[in-house]
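Written out below as structure tokens is the structure these notes cover.
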Amino acid sequence: MPELPEVETVANGVDQRVRGDVIESVWLGSKPEPFKTGAAEMADALTGRRIERVYRVGKHIVFDLSVDEGGEPQWIVHLGMTGRLLVSAASVALPAHTHAILRLASGREVRFVDPRRFGRLAIQWRAAESGFQGTGREPLTISIEEFTKLFRGRKTSIKAALLNQKLLQGVGNIYADESLFRAGIRPTRRAGRLTREQSGRLHGAVQEVLKHAIQLGGSSVSDYVDADGVKGFFQLEHRVYLRGGEPCLVCGTAIRRMVLGGRGTHYCPTCQK
DNA sequence: CATTTCACCTGGTGGC
DNA sequence: TGCCACCAGGTGAAAT
């Protein structure tokens with residue numbers, strides 16, 4: 001489900017609701033644990049801490065927690081495809097597939113819900129000043145020059161390169177397709193073969209699409225919701241994603257669907273060269 | 001290394 | 001209504 005705009009929306013919503021709250025107790029589901037860190041270590045690191053701040057890094061949600069003599073932990077949440085992070089009153093019924101609950105001093109709960117269990121939870125101990133940085137560059141702040149440099153010499157498709165979180169972190173399947181459409185570039189184009197001008201257009205398109213999507217609260221394709229359970233609206237702005245066979249909104253040509261790097265890929269054969 | 005393929009899961013949808 | 005094939009926002013391990 002969640003790419004940069006959805007993760008940003010969720011992180012901001014959670015931050016508004018739980019910043020300053022204290023984690024009184026923790027429940028972690030059993031069986032196939034969607035955890036990187038062991039459950040015992042995680043519960044131990046979280047219990048008793050104050051939530052200082054919640055924010056997004058790439059597609060990760062980062063909880064900065066209060067410091068004590070044991071160190072300064074960060075709780076890292078990755079939503080995978082279907083993960084949700086909800087803030088609810090304890091009295092609200094638990095959704096199916098709830099894997100983690102943080103019970104807060106305010107009486108509310110942070111709940112991690114994830115049917116497909118592709119999501120991941122982890123504790124990261126902050127080293128020196130840095131903290132969790134993610135795997136690649138942030139698409140919203142990277143310069144055109146740095147952006148262009150990312151793709152230099154790469155033989156893979158530009159679509160696969162956009163999805164590579166070690167290069168740019170936060171762009172996923174929807175926003176890769178939508179950005180390439182707006183930049184007029186075929187998803188199959190070799191990443192290292194983009195002209196300077198195309199690379200500049202793509203940089204602009206990626207930032208524009210992501211910012212617009214954040215303003216609209218992300219894309220709700222099937223079940224994505226923010227921390228309050230509210231849907232986003234950017235799906236109404238999709239020009240190619242999931243529109244295979246339908247007419248291009250610019251030129252009327254049928255949008256084509258193909259599989260690239262194992263992902264459904266949508267583009268206009270006329271508008272994208 | 002860079003790149004590609006596939007497994008990991010559950011649930012919704014559309015065809016028959 | 002039921003069954004089945006196929007598709008879905010992501011990633012990391014394994015193979016090439």
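This is a predicted model, so every value here is computed, not measured. To find a chain, count down the sequence lines: A is the first, B the second, and so on, and within it residues start at 1.
Contact record, A:I123 with A:P73: CG2-CB, 4.1 Å, taken as the closest heavy-atom pair. The two atoms that bring A:K273 and A:R189 nearest to each other are O-NH1, 3.5 Å, heavy atoms only.
If you take CZ of A:R84 and P of B:dT10, they are 17 Å apart, rounded to a whole angstrom. Atoms CE (A:M81) and C1' (B:dG11) sit 12 Å apart, rounded to a whole Å. The distance between atom CE of A:M258 and atom P of B:dT4, rounded to the nearest whole Å, is 12 Å. Protein atom NZ of A:K155 is 16 Å distant from nucleotide atom P of B:dC1, rounded to whole Å. The distance from atom CG of A:D114 to atom P of B:dC8 is 17 Å, rounded to the nearest whole Å. Per the geometry, CZ belonging to A:R243 stands 16 Å off P belonging to C:dA8, to the nearest Å. Going from atom CG of A:L162 over to atom P of B:dT3 covers 13 Å, rounded to whole Å. Atom CG in A:L167 sits roughly 9 Å away from atom P in B:dT3 (whole-Å rounding).
For A:H97 and B:dG11, the shortest distance from a side-chain N or O to OP1 or OP2 is below 4.0 Å. Note on A:R116: every side-chain N or O is 4.0 Å or more away from OP1 and OP2 of C:dA8. Distances shorter than 4.0 Å separate none of the side-chain N or O atoms of A:R117 from OP1 or OP2 on B:dG11. An OP1 or OP2 oxygen of B:dG11 is reached within less than 4.0 angstrom by no side-chain nitrogen or oxygen of A:T82.
A donor atom on one side chain and an acceptor atom on the other are found under 3.5 Å apart for A:D64 and A:Y55. With 3.5 Å as the limit, one finds no donor-acceptor pair spanning the side chains of A:S66 and A:R49. Checked by atom type, the side-chain pair A:D177/A:H266 shows a donor-acceptor distance below 3.5 Å.
Connection of A:L104 to A:V54 is established within a shared hydrophobic cluster, with ILVMFWY side chains joined at heavy-atom distances below 4.5 Å, either directly or through further cluster members.
Taking a pair as Watson-Crick or G-U wobble with both distances under 3.5 Å, the runs of three or more consecutive pairs in DNA chain B are B:2-8 with C:10-16, B:10-16 with C:2-8.
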**Message:** Does the protein touch nucleotides 11-16 of chain C at the base, only the backbone, or not at all? Give it as B, S and - per nucleotide, heavy atoms under 4.0 Å.
**Reply:** B-----

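Aromatic ring pairs are classed by plane angle as parallel below 30°, tilted from 30° to 60° and perpendicular above 60°; the pair A:Y175 and A:H238 is perpendicular.
The residue A:Y241 sits close only to the backbone: its heavy atoms come under 4.0 Å of sugar-phosphate atoms, none of a base.
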